Amino acid sequence: MSALSFTTSPRRRRTDAVMRGVLLAATLVALVPLVLVIYMLISKGIGAWSWSFFTTDPTGSFLGDPGGIKSAIVGTVAMVLLATVIAVPVGVGVALYLTEFGGGSWFSKAVRYFVDVLTGVPSIVFGLFIYITLVIGHGGFAGWKGSIALALLMLPVVTRSAEVVLLLVPNGLREAALALGAPRWRVVARVVLPTALPGLVTGVLLALARAAGETAPLLFTAVAANATTLNFGGRMNSLPLQIFNDVQQAQDRLVQRAWGAALTLVVMILLTTLIARLASRRSTT
Amino acid sequence: MDLSSTEDRSGKRAATQIPAAPAAAGSSPLAAAAGAAARTSSHEVTTPAPQVNVEGLRSWYGEQQAVRGVDLRFAANAVTAIIGPSGCGKSTLLRCINRMHEEIPGARAEGRVTLDGLDVYAKESDVVAVRRAIGMVFQKPNPFPTMSIFDNVAAGLKLTGTRGVDLRDRVEQALRGAGLWEEVKDRLGRQGIGLSGGQQQRLCIARAIAVEPRVVLMDEPCSALDPIATLRIEELIGELRANYTIVIVTHNMQQAARVADTTAFMLAGELIEHTATEQLFTNPADERTEQYVTGKFG
Amino acid sequence: MQREPDRGLTHVEAGTLTPGGGRSSLERSSLRRLPDRLLKWGLTALAAAILALIVYFFVRLADESSAAFSRFGVFGFTFDDNWDVSKNIYGALPLLVGTLITSVIALVIGVPIAVATALYLNELCPRRARGVLTTLVELLAAVPSVVYGLWGVFFLIPRLKPVEQWLSDTFSFLPFVGGPVAGPSYFIAGLILAIMILPIVSAISREVIATVPVEQKEAALALGATRWEMIRIAILPHARAGITGAAMLGLGRAIGETIAVTLVIGNAPTIGKQLFDQGYSLAAVIANEFGEAAATPIHRSALIAAGLVLFVLTLLINGGARAFVIRGERRRGQA
Ligand SMILES: Nc1ncnc2c1ncn2[C@@H]1O[C@H](COP(=O)(O)OP(=O)(O)OP(=O)(O)O)[C@@H](O)[C@H]1O
Ligand SMILES: [Mg+2]
């Protein structure tokens, strides 16, 4: 082949085309389960949906009408909200410590490291921990204990995402405020936090969405119940646990409810994720 | 805007009940600055701005020394320019004056800085109070992105917890003082970052003078601006001079020549020469200064 | 209330800056300095509390599992192939093996696809499709574990059974393959885990790939490299450490994943002979047996010990992953 021609050897061209094809195919393969899961959820779940599905509690009876998922929806929302209320101040506080006060000290490095460690802890281990410390010998299962398990799960996620967005706040803004003679706490409260707010909201919502789908930490903390309740001192139902228990019964009518509940849960999570995305989009404009 | 008329009243009360602190608007430098900007030429300023003394200042970033023993006097009601090649320590020196260097991890300073005899580095001196008295304008305009124009100017007062002043009044005076009032008076509620670069920088100057500091430090305030906006800021500096002690770091020697009463030349962390601006540019005492100002250098 | 004018600089505000009068005007009363200190010490205490919490976490797990460990020995508990609830004998090897097998299957299937996805999305995908495709891949992470489990039980297991049988028959010459296939199995659990770790491995890989300097990519292209050659020459060597770290983080996830695995692994406390046999995993045993274990202290202790083994395993893996990601970053820093 002459040195002066604009052609690539066919072998190299073929390899290039094949590998591009492989990468594209892999991406499509990755999406197959998503399509299948969503297809199944919709085709099986919609059938279960009805007005009474959302407005009645599980009956708990072995035969006949299994009831709806009202208590599960209420329980999930309540426990996740309480978990958020616990995790957000602590998580954002730790992130503020890391970005505004920690500097590069060994202590802040240790804190950052251990927050990372928490991120990797399996959710069921959080559940175990709460079971050991709060459930046995301390009055048994309760909704608030489930919330604390979920909060532990959310904490590292909130902290890490908050740290990232706080670091994005331009240092010039902090300096401008400090140079005006503002005390540090006001700089944090009036300049740093408001500037980072959209990003913080996004991080919190994503953590919340993740917590909403967790079953394992609730298994032996809040357990399950049939009746709708907002009493955090007693057992509380939740969507993931309702699904888990229904699947294990392997009765058609319960499995039907499980699909309906799963569709409900996924829709709730997707909506939260969508809102989180919108919040972060607003911050970039 | 969110502060109601109770502020108004408490402001008056403060003025009448504490005669020891005559916060009479007429004699405040800000009002005077606004007056000057409005070309009323009523020179009723009685108190001279304080002077700043820097003695034996040395500063380090970790192990690396950036300022190597500088003695400088910044005269009251005068504009002092600091020039010198990049990296010679101008910004560091400036930051050491209002202790902004403490915000950089690993940075430290030794020596003495006084504001009218008060030791800025003294144990009893509080860093927040120091910065309240010695304001700063940065190279890149940095209005607070979450705040409106009004709130940006009022930010200093709110952030420092100042009560007993009429916010609207102060904001208007500061904006007039920064020569921005006419341009923004109809859109005070809009975002500060919606302004042009030059307007943003004047907004930052308004924000700095709204808390009525005694000294204003400016670190290359025009380097991010176009020539027309630069000219506008230079005029403004001339007006502010009547009421404030101004220190300006600049790379633009014409700018130093236009705005400064005296000019200091720094090189490699040391002060080479500090004299009247005209003399420094026409007849410098030091050879290195001459080389620098004639462009044979760096 | 003390009558303290609300300004840092009292005299200055009034226009007379006098150093005399006893008090320097650059002072601020300690009362006014208080909020700053409170904030700083409050936040520091909060951060310290997190450290204390983790230590406490570990201590309590160790404490509660000590009964099982002292009865069976640390080694005996972890590596004995005998988990028999009815006889109150707890050797966790079948669980450990199940956890490891399913996680390895997940890595073998999931990581290549995740990395390929990352490469495609970052380097080849037409700009217009990129956003949508990226979001779709990320959506895989939004589906809760229990929903994957539900889908696994009622879709994957019945649909894949013939495929599994065919694989088992065709590849029976391989070790750990061959013989009749069970419905729930290591393979199904591993497959679901692969789907579940895919989005995170892909996301981290994309981050790592995005940090490859543009100059390096352009240098490769300017040498006349095709796209694939550019990926091979410029991107993969640069991103290798980071991708390894991503895979290890995926492994950490897979090991700790509970509910989906519980639903599809079969929950048989024995070591399966082949890929398509039923088994059990550390996390699944905790989820399943905790209800009944509440009454039997040694059983409960054994389950907590299983949790501790899980915890330590994920700590080691995540620590390793961190080291890889950091090393990758450092190398990139030098480049
Ligand atoms: N944050 C920092 N960390 C470490 N070293 C620094 C830092 N800021 C400045 N320096 C070093 O200190 C010296 C003085 O820097 P300084 O910013 O004061 O120079 P300058 O005269 O303002 O330069 P320029 O005209 O470019 O703004 C330089 O050698 C610089 O490298
Ligand atoms: Mg500088």
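Computed from a predicted structure; not experimentally measured.
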Chain A contact via B/M136 - side chain, backbone, both or neither, heavy atoms under 4.5 Å
both
Considering non-hydrogen atoms only, spot the tightest contact between A/L180 and B/A208 and give its length.
CD2-CA, 3.8 Å
Can you tell which of B/P145, B/G135, B/P105 has the highest number of heavy-atom pairs within less than 4.5 Å of chain A?
B/P145
Closest non-hydrogen atom pair between A/A182 and B/L159, with its separation
CB-CB, 3.6 Å
Does atom CZ of A/F101 have more than 12 heavy-atom neighbours from other groups under 6.0 Å away?
yes
Chain B and chain A: which donor-acceptor pairs fall below 3.5 Å?
unit_1: B/R95; atom_1: NH1; unit_2: A/E175; atom_2: OE2; d: 3.3
unit_1: B/R95; atom_1: NH2; unit_2: A/E175; atom_2: OE1; d: 2.5
unit_1: B/R95; atom_1: NH2; unit_2: A/E175; atom_2: OE2; d: 2.8
unit_1: B/E103; atom_1: OE1; unit_2: A/R184; atom_2: NH2; d: 2.8
unit_1: B/E103; atom_1: OE2; unit_2: A/R184; atom_2: NH2; d: 3.2
unit_1: B/N142; atom_1: ND2; unit_2: A/G172; atom_2: O; d: 3.0
unit_1: B/L159; atom_1: O; unit_2: A/R186; atom_2: NH1; d: 3.4

Can you tell me which portion of B/F144 sits under 4.5 Å from chain A's heavy atoms? Options are side chain, backbone, both or neither.
both
